[in-house]
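Worksheet: one structure, shown below.
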Amino acid sequence: MKIDIKSLSFDELKNEIISLGHPSFRASQIFEWLHRHGVSSFGVMSNLSKNLRTRLGDQFEIRCCEIEEKYVSAIDGTVKYLFRLYDGEYIESVIMRYKYGYTICVSSQVGCRMGCTFCASTIAGYKRNLTAGEIESQIHSAQADLGIRISNVVLMGIGEPLDNYENLLRFFENVNSVNGLNISMRSITVSTCGIVERIYDLMEKKIPVTLTVSLHAPNDEIRSRTMPINKKWGIDELIKACRKYADVTKRRVSFEYTLIKGVNDMPDCAKELAQRLKGMLCHVNLIPVNAVLECGNKPSDSESIYKFAEILKKAGINVTIRRTLGSDINASCGQLRRKRNGVK
């Protein structure tokens, strides 16, 4: 098999180029073509000799994301892509426009094996991890199609990023490079359902990304019913890791809390959640659940949502209610892939 060149670090790429008998500065040129310009072919690398481009094509491949479907919200301009990968698998990405610029929500896996009951990403099954280059290519494809510069990245699409840890670290390194997209680590958000050991790993590496934790419940009883990961790492162990992460990194941890009518949106749930998070450098983002047909969950009504938020605020917890973007194009990830794979 050919080497996935876009997933190599700069040092690895340099070693490969030197082994081909070429000077190391060629690696810098190739890296810029791949990561700054996001090219999909060696043939367009015009400052390289024809011989080198041929040799690159013989030994390496550039894995790109081809646009299979594209939807643009008539409400707020949010754009959703269904991308086709080199092996025929599908992933999704969403582009959101804010006052400060463009944010992309990218996928990290083809499918997901976490099994959260309210999430569409797990329905069509888990197939494989995305390589670092495939994660990054979602950014390049969207930028090229829309003619924009993306400044913020959220790993909250299909898949569990911390279940693809090594490729995630390589993605960080390449996307942060000044010779590539040069996206600040502080402009990258990693969302996890709670793989505790990897939270500690991130903490020890002192990578200044924003950590977002999908909590969605105030106790083990509710969380274990909706999120199987809780059976391995219970809520006490998860919150402990998050407190430690915030203390060591001095960065606020965000908690995603999807409100499901009659399941986790009652006032007692809000009070219990507030008690668990008391004194922690954190933020709670309340999200009405997406009405995925297979899941049977219903979003909380507006009155319940605001009441839940007020209880947290009175307890001193920083809280917001997520603004819904792309509601007319089903912008939450997983639903397009599910349909493409024939899961009804």
I'd like to know if [X] and [Y] make a salt bridge, using a cut-off of under 4.0 Å between side-chain N and carboxylate O.
{"X": "D163", "Y": "R113", "value": "yes"}
{"X": "R84", "Y": "E66", "value": "no"}
{"X": "E197", "Y": "K232", "value": "no"}
{"X": "K127", "Y": "D87", "value": "no"}
{"X": "E310", "Y": "K313", "value": "yes"}
{"X": "E134", "Y": "R128", "value": "yes"}
{"X": "R223", "Y": "D220", "value": "no"}
{"X": "E92", "Y": "K80", "value": "yes"}
{"X": "R170", "Y": "E166", "value": "no"}

Worksheet entry | The single option from I311, L277, L273 passing side-chain contact (heavy atoms from CB on, under 4.5 Å) against I317 |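 One option only clears the test, and that one is L277.
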
Worksheet entry | Aromatic Y102 / basic R97 pairing, under 6.0 angstrom, 45° off normal | no

Worksheet entry | Donor + acceptor pair across side chains of N164, S108 (<3.5 Å) | no

Worksheet entry | Shortest non-hydrogen separation from P161 to L168 and the atoms involved |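 Where P161 meets L168 most closely, the heavy atoms are O-CD2, 3.9 Å.
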
Worksheet item: Under 30°, 30 to 60°, or over 60°: which ring-plane class applies to H35 and F31, parallel, tilted or perpendicular?
Response: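 Plane angle between 30° and 60°, so tilted.
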
Worksheet entry | Mutual orientation of the aromatic rings belonging to Y100 and Y98 [parallel < 30°, tilted 30-60°, perpendicular > 60°] |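 Geometry flag for Y98 against Y100: parallel rings.
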
[atom1]/[X] to [atom2]/[Y] distance, rounded to the nearest 0.5 angstrom?
{"X": "I287", "Y": "E256", "atom1": "CD1", "atom2": "CD", "value": "4.0 Å"}
{"X": "H283", "Y": "T210", "atom1": "NE2", "atom2": "OG1", "value": "11.5 Å"}
{"X": "L211", "Y": "Y245", "atom1": "CG", "atom2": "OH", "value": "5.0 Å"}
{"X": "F172", "Y": "L169", "atom1": "CZ", "atom2": "CG", "value": "6.5 Å"}

Worksheet item: Hey, does V94 have a side-chain heavy atom less than 4.5 Å from the side chain of M96?
Response: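 Counting from C-beta outward, M96 and V94 do come under 4.5 Å.
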
Discussion item. Would you say OH of Y306 has more than 12 non-hydrogen atoms from neighbouring residues, nucleotides or ligands within 6.0 angstrom?
Written reply: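 Atom OH in Y306 is not packed in, count stays at 12 or less.
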
Worksheet entry | E303 atom CD, over 12 foreign heavy atoms within 6.0 Å | no

Fill in: Aromatic contact, F255 with Y257 (centres under 6.0 Å)
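No, the ring of F255 stays outside the 6.0 Å limit from the ring of Y257, centre to centre.
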
